[in-house]
Each structure stands twice: as C-alpha cells, then as structure tokens.
Asks: 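Take a look at the following structure, please.
First the proteins, then the strands, lettered A, B, ... as listed; each starts at 1.
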Amino acid sequence: MAKDRLPSQSEDFPAWYVEVVKRAGMAEHGMAKGTMIIKPHGYAVWEHIQRALDDRFKATGHENVYFPLLFPMSLLEKEAEHVEGFAPEVAIVTHGGGQELEEPLVIRPTSEAVIWNTYKNWIQSYRDLPLLYNQWCNVLRWEMRTRLFLRTSEFLWQEGHTAHSTSEEAQEETLRMLEVYREVAEDELAVPVLPGRKSPKERFPGAVDTYTIEGLMRDKRALQCGTSHFLGQNFAKAYDVQFSNKDGELEYAWATSWGFSTRMIGGVIMTHGDDRGLRLPPALAPVQVVIVPIYKTDEERGSVLEVANKVKDGLTGALIRVKIDDRDQHRPGYKFSEWELKGVPVRLEVGPRDVEAGQVVMATRTGGDKQQLAVGDAISGMAGVLDRIQTELYQDAKSFREDNTHEATDFDTLREGLEAESGFWAGPWCGDEACEKKVTAETKATIRFLPIEREDPGGSCVVCGRSGTERATWARAY
RNA sequence: CGGGGCGUGGCGCAGCUUGGUUAGCGCGCCUGCUUUGGGAGCAGGAGGCCGGCGGUUCGAAUCCGCCCGCCCCGACCA
C-alpha cells in the first residue's frame with residue numbers, strides 16, 4: 001500500500017523518531033546547533049500541556065511571574081554545588097552594543113540564582129511566606145549531543161520556585177508538585193510514570209532531594225518526565241534569604257523548585273507512536289476528529305460537505321476539536337495517511353454512499369475495523385469514543401511497562417538483562433556510589449529512582465553483596 | 001573534543017575520480033484535462049550566487065588551500 005513509509009520502530013528507532021517528528025509537522029532543526037523550530041502541530045500540543053499544568057498550579061495556589069533571561073555571572077557562582085553542576089553548559093554573553101561587557105552575563109540554564117537573589121528582597125517576615133511562584137520561559141544549556149524535543153540546547157518549560165517557613169512545608173510542596181506532574185502525565189498525556197527519589201549522584205545541583213517521574217519508552221529506554229526538588233536552605237543561605245519567625249528570630253527560608261519541559265512532547269511521541277506515525281492522546285490532540293469528505297462530482301461534493309459540516313457543528317457543540325479536510329488537491333487515501341501520521345485520534349469518512357444512508361464511517365487511531373455509524377450516534381457518542389482512546393493509550397503503555405519491568409537478584413541478571421533489552425530492573429542496592437558507577441560503566445544504565453520513602457530492599461546489594469539499604473530501579477535512559 | 005558523513009532549485013539526491021560552453025533527476029510547487037471509499041495519471045510550466053573566501057587554469061560544481069555550518073557515532077550530561 002503506502003509508499004514513502006516511515007522507518008520502522010523495530011529496525012531503527014532513532015531514525016523513526018526523527019522522521020516522525022519532522023513529517024508529522026511537530027518540529028525541525030533551527031539554524032544554530034541544538035536549537036529547534038517548533039511548528040504549529042507541535043506547539044499546539046505544548047499549549048495543551050501548558051494548560052493542563054497551569055490550571056493545576058493555579059488550583060494549588062501558585063501565581064505566574066517572569067524573571068529575566070540574562071543575569072550577571074557572579075550571581076550563579078554563589079551556590080557552590082549549583083555553579084559546579086551547571087558551569088559546563090552555561091552560555092555566556094560577553095559583548096553588547098559593540099563593546100565587551102564589564103561583567104559577563106549568563107543566559108539562564110535555570111533560574112534559581114536570579115530568583116533567590118530577588119526573593120532576598122521580598123522575604124522579611126514569616127508573614128511573607130510561603131511564596132508560591134512559577135514561570136513559563138525558555139532556558140539554554142549547551143549540550144554536546146542534541147535530539148529534537150528530548151535534548152535541545154534551548155527548550156521551553158515551566159519552573160516553579162517556592163519559599164517556605166518550615167522544612168516540612170517545603171517538603172510537602174515538593175511532593176505535592178510531583179503528584180501534579182504524575183497526574184498530568186498519566187491523565188492528560190496518557191504516559192504512565194513511576195514516581196521516585198533520585199540517588200545523590202543523579203540529584204539536581206544544589207538540592208537536598210530530587211524527585212522524579214519516570215516513563216518507559218517503546219524502545220525500552222527510560223525518560224525522566226518531570227522533576228521536583230527539595231532545596232532545603234541551600235539557596236537561602238547562598239543568597240542570604242532570612243525571615244523573622246513568630247519569636248522574632250532570624251531563620252533561613254526553605255525552598256523548592258520543579259520543572260516540566262518540551263522534552264515531554266518527545267515522551268508522548270515515543271510512548272504512543274507506531275509505524276504509521278504519531279498517536280496523540282485525545283486530551284492533547286490539536287485535532288481530535290478529522291472529517292475526510294469523499295466525492296467525485298461537484299454535486300456529490302456539495303451534498304457530502306453538507307453532511308460533513310453538520311457533523312462538525314454537532315461535534316463542535318460538544319466541545320470536541322474537529323476539522324474538515326476539504327482540500328481539493330489530495331485524494332482521500334493520501335489524507336488518511338497524513339492524519340494518521342499526525343496522530344489524530346478519530347477519522348470520520350463521509351462519501352456519497354454514507355450521505356444516502358445517513359451515516360458516517362469511523363476509524364480510530366488505536367485500531368480496529370472501520371465502523372459505520374448513524375450521523376446522530378457519531379455526534380452523541382464521540383466524547384465516549386475519545387475517552388476510550390485516551391484510556392486505551394494509557395493502558396497499552398502501562399502494560400508495556402509492566403511487561404518490561406524485571407526483578408534483579410544478582411549482578412549477572414542485572415547486567416545481562418540491561419544489555420539484552422533495557423527496560424526497568426529493580427533490586428537491592430547498598431547505597432554506595434561505587435556500586436552505582438560500576439553498573440553504569442558496564443551497562444550504560446543509571447539508577448532512575450529509589451522509592452520516595454526509603455524501604456527495606458529485602459536482600460543484599462546486587463553489585464557488591466553487602467547489605468542492601470535501598471531498592472533501586474535501573475534502566476538505560478534518554 | 002575524537003571518529004565518520006554531508007553542504008548543488010522548497011525537500012531528497014546525481015554530476016566531481018578523468019575541469020569544457022544550455023548543471024540533471026525524483027518529490028513538491030503552478031496551469032489545464034481526466035481522476036477521487038487507503039498515499040492518482042497525463043501534458044505543459046516556473047524555480048539554482050553549486051555553503052563562503054582565496055588560489056591554479058584560456059575555462060572550476062568538478063583540482064588545491066583556508067574558513068563556516070549541519071548530521072551521525074563516541075566521550076559528556078539534573
């Protein structure tokens with residue numbers, strides 16, 4: 001059938017990914033290395049993700065702010081671990097207005113520095129706390145190797161930065177936002193994720209604890225889908241942010257930060273996509289239902305489009321995002337393939353035979369045979385169909401993850417398992433970074449997460465055999 | 001940073017080894033006709049500083065030098 005097919009996932013997953021991103025009109029490379037042009041179809045997906053997150057941020061009491069792209073180099077240098085972690089990937093502006101600058105400016109790789117240097121002025125009393133702010137922005141991190149959406153030098157994200165009067169409150173905030181991420185990933189993006197805590201080695205520079213939600217892509221590699229950090233008093237101390245408590249004593253503020261980026265668009269593509277292209281969950285799909293009219297004569301065109309418009313109006317009335325593809329220059333078969341490539345969940349075909357029978361033909365992107373439906377039923381039942389597709393995508397991905405999650409009882413099992421096909425491998429770990437590094441050196445896998453609450457792994461370290469203190473989950477990751 | 005590849009109409013490529021006068025092909029685009037229920041066919045047409053700079057030569061897409069950029073693999077990466 002189809003000419004001009006995509007590379008298949010099983011033969012060459014990276015080639016499949018790049019092709020699908022480009023051909024589906026999601027994004028293309030920018031003019032400078034590591035930059036990305038996000039096209040309308042890709043940006044519309046991002047807008048739905050933004051809406052899903054932002055609504056929940058507001059519902060949990062947060063407000064949006066905007067901090068500058070540029071700030072003095074010296075600001076970044078105040079938190080030792082932070083600057084050490086980010087120094088290699090920071091871009092520095094040295095010239096402006098045709099002159100060399102007296103003090104170089106950094107382009108933000110993240111905004112803790114500029115924000116905490118400002119919070120210093122906003123926080124004096126416990127009555128000023130908590131500060132629950134978020135910003136939507138771009139950041140820049142010089143990367144050696146880049147991939148569209150998954151790792152680009154410049155990317156879009158949101159970064160939440162909160163300040164609290166107690167450690168407990170900040171820790172609650174950290175986990176509250178992790179839960180928001182989990183909910184958005186699973187309920188909106190239909191990407192099943194596992195929440196967890198990062199090992200010290202994988203922690204955000206400057207954090208006391210980093211939490212993550214991790215997904216498993218169709219090539220059995222893990223993807224960090226969002227992170228939430230408990231920063232303790234590290235940044236308050238570095239930027240001198242103190243407040244008077246109820247007893248009139250000065251205390252350093254407690255901090256969190258949390259981020260979710262355009263990387264997750266890559267996560268959606270790699271979680272749901274198949275050899276025909278994208279499969280977008282209805283909650284995110286810019287177009288949820290596409291109507292393809294089929295006709296030969298002008299007369300047929302008129303009657304077919306009349307029905308198509310009636311269906312469109314009915315669906316629009318039900319708050320469903322619908323589009324009629326009435327382009328004349330393509331035949332129906334071409335349109336079917338193109339909309340499948342773009343991941344539209346439901347396609348309705350309306351031809352002369354359907355007009356006569358008062359019906360439409362429905363095909364869903366999650367498969368099954370085409371169905372014939374009465375026009376009225378297609379309209380009234382569409383919300384249910386979309387819900388079903390949303391659930392199917394989530395359940396398929398969840399089954400896939402479960403089928404590829406394994407228990408490692410000894411080092412050989414872990415090593416051979418990871419070499420053979422990655423997936424998640426869970427097992428006891430002693431907590432020693434040496435053992436962590438040994439696994440990475442031999443298998444390229446990293447510890448993706450530990451349980452949020454430390455739990456007895458019920459066995460000895462799979463690497464060294466000493467008593468286990470953590471239950472670690474390993475995988476090769478993006 | 002190391003290894004490899006590539007830069008030629010919008011996209012994908014050929015031509016370069018063995019320099020030669022109108023630089024080809026496919027897709028796409030424009031016009032017309034026929035088509036339209038799984039990626040249409042025919043005919044006509046438009047569109048190119050051959051990545052940049054310099055050199056060799058009567059003559060350079062082609063040979064030489066330098067530079068720029070991108071992609072892939074590795075090292076690296078919250």
Asks: Can you give the donor-acceptor pairs under 3.5 Å from side chains of residues 87-94 of chain A to other protein atoms, not counting sequence neighbours?
Replies:
none

Asks: A:N234 side chain to A:G206 main-chain N or O, any donor-acceptor pair under 3.5 Å?
Replies: yes

Asks: Side-chain atoms of residues 355-364 of chain A: list all donor-acceptor pairs with protein atoms under 3.5 Å, sequence neighbours left out, distances to 0.1 Å.
Replies:
from   : atom 1 : to     : atom 2 : distance (Å)
A:Q359 : NE2    : A:D354 : OD1    : 2.9
A:T364 : OG1    : A:T366 : OG1    : 3.4
A:T364 : OG1    : A:G367 : O      : 3.0

Asks: side-chain hydrogen bond (donor to acceptor under 3.5 Å, both in side chains) with A:W142: which residues, sequence neighbours excluded?
Replies: none

Asks: Taking RNA chain B as the partner, which of residues 470-478 of chain A come within under 4.0 angstrom of it by heavy atom?
Replies: none

Asks: How would you list, by chain and number, every residue that makes a salt bridge (charged side-chain N to carboxylate O under 4.0 Å, His left out) with A:D275, sequence neighbours excluded?
Replies: none

Asks: Listing time: all N or O pairs from protein to nucleotides 4-8 of chain B that are below 3.5 Å?
Replies:
none

Asks: A:V361 near the nucleic acid: base, sugar-phosphate alone, or nothing, with a heavy-atom cut-off under 4.0 Å?
Replies: base

Asks: Anything under 3.5 Å between a protein N or O and an N or O of nucleotides 72-76 of chain B, put it in a table, one pair a line.
Replies:
from   : atom 1 : to     : atom 2 : distance (Å)
B:rC73 : OP1    : A:R145 : NH2    : 2.9
B:rC73 : OP2    : A:R145 : NE     : 3.0
B:rC73 : OP2    : A:R145 : NH2    : 2.3
B:rG74 : OP2    : A:R145 : NH1    : 3.0

Asks: Where along residues 254-265 of chain A does a heavy atom come under 4.0 Å from RNA chain B, residue by residue in number order?
Replies: none

Asks: Can you list the residues that meet the side-chain hydrogen bond (donor to acceptor under 3.5 Å, both in side chains) rule with A:D219, with sequence neighbours excluded?
Replies: A:Y478

Asks: Which residues, if any, of residues 199-221 of chain A bring a heavy atom under 4.0 Å of RNA chain B?
Replies: A:E202, A:R203, A:F204, A:P205

Asks: The criterion is side-chain hydrogen bond (donor to acceptor under 3.5 Å, both in side chains); which residues satisfy it with A:R401, sequence neighbours excluded?
Replies: none

Asks: Please give me every residue in residues 340-360 of chain A whose heavy atoms get under 4.0 Å of an atom in RNA chain B, ordered by residue number.
Replies: A:E340, A:R347, A:E349, A:G351, A:P352, A:R353, A:D354

